[in-house]
Asker: 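Here you go, one structure.
Not measured: the values here are computed from a predicted model.
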Amino acid sequence: MAGMIFGGNKSYKQYDVYLRTRLLTTLWIAAFGIGYLLHATFMWRFTWPTAASALTASYFHLGGICFSWGFTSLLNPKYLTRFVFWRDILYFLFSLVIYWMVALLWKEASTYTFLSFCLYFFYAAWVIFVFYQTYNMVSFRLLRLSYGNVMSFVRWMQVCCDLIVLFGISSVAITGIFPTDFWPYTLLLVVGVGMFAYIAYSLNKYGKTIETTTEATKKITR
């Protein structure tokens, strides 16, 4: 799926924000694929539960960054400033240290694992707040502008991002609540593949209305 999105990028070189979203989505899906592969290879859930949890938190946190930078920017092209970039990167690096410090110090420590996940939940809550605040502000203005296929863009954005938010929060929460069980990873794998397939399909479909929505969001954020 990451390869499919990346392979279609050549058609959108002139649309900087949308192209960046596609690249970030490629990175996001690839990171999850590598994460799933590492889980399957090392089977840390059975031998080193805290490392399995740290790995999960790591690629979900990266996914949260890609979601914030990519999808919020589709609504507000001016969102990704230098300050936002460095804030998110430094917070991510700090969180990685905590996730893996717990894994290295404790082989099994469900309480400490869940506490370390609070760093992810805090970032996710902030990202979700900013996204929906931007979405609510922009969506009504887009509809009033009556730009071509804007309605399909608004519906796609809400459905797609609702699924991403639900998946991102619930998956890490389930992993934190059941840190030594294997079934959460089976659930993550099945649900995750289906969700990413929908995102890949929707992102390509969005490209068909890119001219309309780009003009609309530019007009709103001037």
Asker: F6 and I34: same hydrophobic cluster, using ILVMFWY side-chain contacts below 4.5 Å?
Answerer: no

Asker: Atom OG1 of T134 and atom CG of L74: how far apart are they, to the nearest 0.5 Å?
Answerer: 11.5 Å

Asker: Please report the shortest heavy-atom distance between L62 and A31, naming the atom on each side.
Answerer: CD2-CB, 3.6 Å

Asker: First locate atom CD1 of I98, then atom CZ of F117, and finally report the distance between them rounded to the nearest 0.5 Å.
Answerer: 13.0 Å

Asker: Do L93 and V84 share a hydrophobic cluster (ILVMFWY, side-chain heavy atoms under 4.5 Å, transitive)?
Answerer: yes

Asker: Please say yes or no: joined through hydrophobic side-chain contacts below 4.5 Å, possibly via intermediate residues, are V191 and Y120 part of one cluster?
Answerer: yes

Asker: Could you tell me which residues satisfy side-chain contact (heavy atoms from CB on, under 4.5 Å) with L115, sequence neighbours excluded, listed by chain and number?
Answerer: T111, Y112

Asker: Is there a donor-acceptor contact under 3.5 Å from the side chain of T21 to the main chain of F71?
Answerer: no

Asker: For a quick test of reading the model, state the closest non-hydrogen atom pair linking S73 to L80 and the distance between them.
Answerer: OG-CB, 3.9 Å

Asker: I need the minimum non-hydrogen distance between C66 and L27, along with the two atoms involved.
Answerer: SG-CD2, 4.0 Å

Asker: What distance do S95 atom OG and F122 atom CZ have between them, rounded to the nearest 0.5 Å?
Answerer: 10.0 Å

Asker: As a test of understanding, state which of Y79, F67, W126 forms a side chain to side chain contact (heavy atoms under 4.5 Å, CB included) with F131.
Answerer: F67

Asker: Test F92 against D88 for side chain to side chain contact (heavy atoms under 4.5 Å, CB included), laying out the working first.
Answerer: CA-CA 6 Å; F92 176 58; D88 289 356; over 6 Å; no

Asker: Taking only residues two or more places apart in sequence, or in another chain, which ones meet R22 in a side-chain hydrogen bond (donor to acceptor under 3.5 Å, both in side chains)?
Answerer: N9, Y18, N204

Asker: Between atom CZ of F42 and atom CG of L37, what is the distance when rounded to the nearest 0.5 Å?
Answerer: 8.5 Å

Asker: Just checking, any donor-acceptor pair under 3.5 angstrom between side chains of H61 and Y99?
Answerer: yes

Asker: If Ile, Leu, Val, Met, Phe, Trp and Tyr residues are connected whenever their side-chain heavy atoms lie under 4.5 Å apart, and connections chain through other members, are L105 and L96 in the same group?
Answerer: no

Asker: Suppose we screen for side-chain contact (heavy atoms from CB on, under 4.5 Å). Which residues come up paired with A51, at least two apart in sequence or across chains?
Answerer: W44, W48, W100, A103

Asker: Using 0.5 Å steps for rounding, measure from the CD1 atom of I65 to the CH2 atom of W69.
Answerer: 6.0 Å

Asker: Can you say whether the rings of Y123 and Y91 are parallel (under 30°), tilted (30 to 60°) or perpendicular (over 60°)?
Answerer: parallel

Asker: Is there a side chain to side chain contact (heavy atoms under 4.5 Å, CB included) between W28 and Y59? Walk through the geometry before answering.
Answerer: CA-CA 8 Å; W28 181 10; Y59 60 73; over 6 Å; no

Asker: Examine distances only and state if a side-chain atom of T50 and a backbone atom of K107 form a donor-acceptor pair shorter than 3.5 Å.
Answerer: yes

Asker: Do you know the tightest heavy-atom contact between P77 and R20?
Answerer: O-NH2, 4.4 Å

Asker: Let me confirm one number: the OG-CZ distance from S68 to R87, rounded to the nearest 0.5 Å.
Answerer: 6.5 Å

Asker: Quick check: closest heavy atoms across A124 and I169, and the distance to 0.1 Å?
Answerer: CB-CD1, 3.5 Å

Asker: Taking atom CZ as the centre, does F121 end up with more than 12 heavy-atom neighbours from other residues, nucleotides or ligands that are less than 6.0 angstrom away?
Answerer: yes

Asker: A52 and H39: which non-hydrogen atoms are nearest, and at how many Å?
Answerer: O-CE1, 3.4 Å

Asker: I'd like to know if the side chain of S116 reaches the main chain of T113, judged simply by a donor and an acceptor atom lying under 3.5 Å from each other, with no hydrogens or angles considered.
Answerer: yes

Asker: Looking at F85, I'd like to know if its CZ atom is crowded, meaning that more than 12 non-hydrogen atoms belonging to other residues, nucleotides or ligands lie closer than 6.0 Å.
Answerer: yes

Asker: Indicate if F114 and L104 have the same hydrophobic cluster label, given that clusters are the connected sets of ILVMFWY residues with side-chain heavy-atom separations under 4.5 angstrom.
Answerer: yes

